[in-house]
Amino acid sequence: MPFEFIRLEIPDVVLIRPVVFTDERGFFMEIFKRSDFEKAGIDVDFVQDNHSRSKKGVLRGLHFQLEPYAQGKLVRCVKGRIFDVAVDLRSGSPTYGRWVGVELSEENHLMLWIPKGFAHGFLTLSEEADVLYKVSGAEYRPEADAGIRWNDPDIGIAWPLHLVENLTISPKDSSLPFLKDAKINFRYGV
Ligand SMILES: Cc1cn([C@H]2C[C@H](O)[C@@H](COP(=O)(O)OP(=O)(O)O[C@H]3O[C@H](C)C(=O)[C@H](O)[C@H]3O)O2)c(=O)[nH]c1=O
């Protein structure tokens, strides 16, 4: 099996370690294989691939698309280093409002599977970071684009801010609502 699937404190968010085949030329690894993911309980088809590049200190998030255009994301950092975060927004979930964070990097090759019903965001820790992520569920729908504030005290994400000199956050992200004020329509178990 070319993947190791590691369950985190929020079981539906899965850290995935691909097998890296290294030789004198460099390396090869599989990023996604439907049958292996399905065996691990991640039954998903992807509809869109995204690529963003960020400078050190850029924080993007916390974003999601509202139902019926919710998205799952398979996130990896192919250049540099990010602290990647998922927040459980599914009403009725035993881990509602809780977050998990992992370092994804060019070096560790780790990927994070974030299912529908979660907000996603990351902090850029290296001078530059390229983040590629596959999206399941719905394609981009600006009218369904939504988010919650990165520093919501009720969520309490421990962003490693000590690792960056300055924060860069878009005006849009800076004005996202706190969770208690946000209109969210995700339901656990659906
Ligand atoms: C997400 C998206 C954006 N765009 C356009 C809309 C804007 O003109 C431009 C930048 O969009 P935005 O500022 O929303 O980009 P990010 O801040 O990186 O947003 C993403 O950041 C967090 C971390 C996510 O998980 C989401 O995938 C996504 O919300 O790209 C598109 O054309 N298609 C898309 O799928």
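Both ligands and their constituent atoms are indexed starting at 1 by order of listing.
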Where the side chain of Ser136 meets the backbone of Asp45, is there a donor-acceptor pair that is under 3.5 Å apart?
->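 No, Ser136 side chain to Asp45 backbone: no donor-acceptor pair under 3.5 Å.
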May I ask you to decide if Leu62's main-chain N or O and Asp173's side chain share a donor-acceptor pair within less than 3.5 Å?
->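 Side chain of Asp173 to backbone of Leu62: no pair is present.
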Does the protein come close to [atom] - that is, does one of its heavy atoms sit below 4.0 Å from that atom?
| atom | value |
| --- | --- |
| atom 11 (O) of ligand 1 | no |
| atom 26 (C) of ligand 1 | yes |
| atom 22 (C) of ligand 1 | yes |

In terms of side-chain geometry, is the basic nitrogen of Lys134 or Asp49 positioned less than 4.0 Å from the acidic oxygen of its partner?
-> yes
Would you call Glu107-Arg81 a salt bridge at under 4.0 Å N-O?
->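 Result for this pair is no, no salt bridge flagged.
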Suppose we measure from [atom] to each protein heavy atom; which comes out shortest, and what is that distance?
| atom | value |
| --- | --- |
| atom 7 (C) of ligand 1 | Tyr140 OH, 4.7 Å |
| atom 18 (O) of ligand 1 | Arg60 NH1, 2.9 Å |
| atom 29 (O) of ligand 1 | His63 ND1, 2.7 Å |
| atom 14 (O) of ligand 1 | Lys172 NZ, 3.0 Å |
| atom 35 (O) of ligand 1 | Gln48 NE2, 2.9 Å |

For the residue pair Ile155 and Trp99, what are the closest heavy atoms and their distance?
->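 Smallest interatomic distance, heavy atoms only, reads O-CD1, 3.3 Å.
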Phe37 and Phe32 aromatic ring geometry - parallel, tilted or perpendicular at 30°/60° bounds =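 Ring orientation, 0 to 90° scale: perpendicular.
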N/O separation below 3.5 Å, His120 to ligand 1 |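 Yes, since at least one N or O of His120 sits under 3.5 Å from an N or O of ligand 1.
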Are any of the N or O atoms of Ser52 closer than 3.5 Å to those of ligand 1?
->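 No; the residue has no nitrogen or oxygen that sits under 3.5 Å from a nitrogen or oxygen of the ligand.
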Mark the output for Tyr133 as yes if a heavy-atom distance to ligand 1 is under 4.0 Å, and as no if none is.
->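 It does, in that a heavy atom of Tyr133 comes within the 4.0 Å cut-off of ligand 1.
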Could you establish whether Gln65 and ligand 1 come within less than 4.0 Å of each other, counting only heavy atoms on the residue side?
->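 Gln65 does not count as a contact of ligand 1 under the 4.0 Å cut-off.
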When you look for heavy atoms under 4.0 Å from ligand 1, do you find them on the side chain of Lys73, its backbone, both, or neither?
->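 For Lys73, the contact with ligand 1 is made by the side chain alone.
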Within reach of ligand 1, part of Gln71 (heavy-atom separation under 4.0 Å) | neither
Taking the six-membered ring of Phe178 as reference, does the NZ or CZ atom of Arg149 fall below 6.0 Å from its centre and within a 45° cone about the axis?
-> yes
Do Asp130 and His51 have side-chain N/O donor and acceptor atoms under 3.5 Å apart?
-> yes
May I ask you to test the Leu179-Leu89 pair for a side-chain heavy-atom distance under 4.5 Å?
->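 Yes, their side chains come closer than 4.5 Å.
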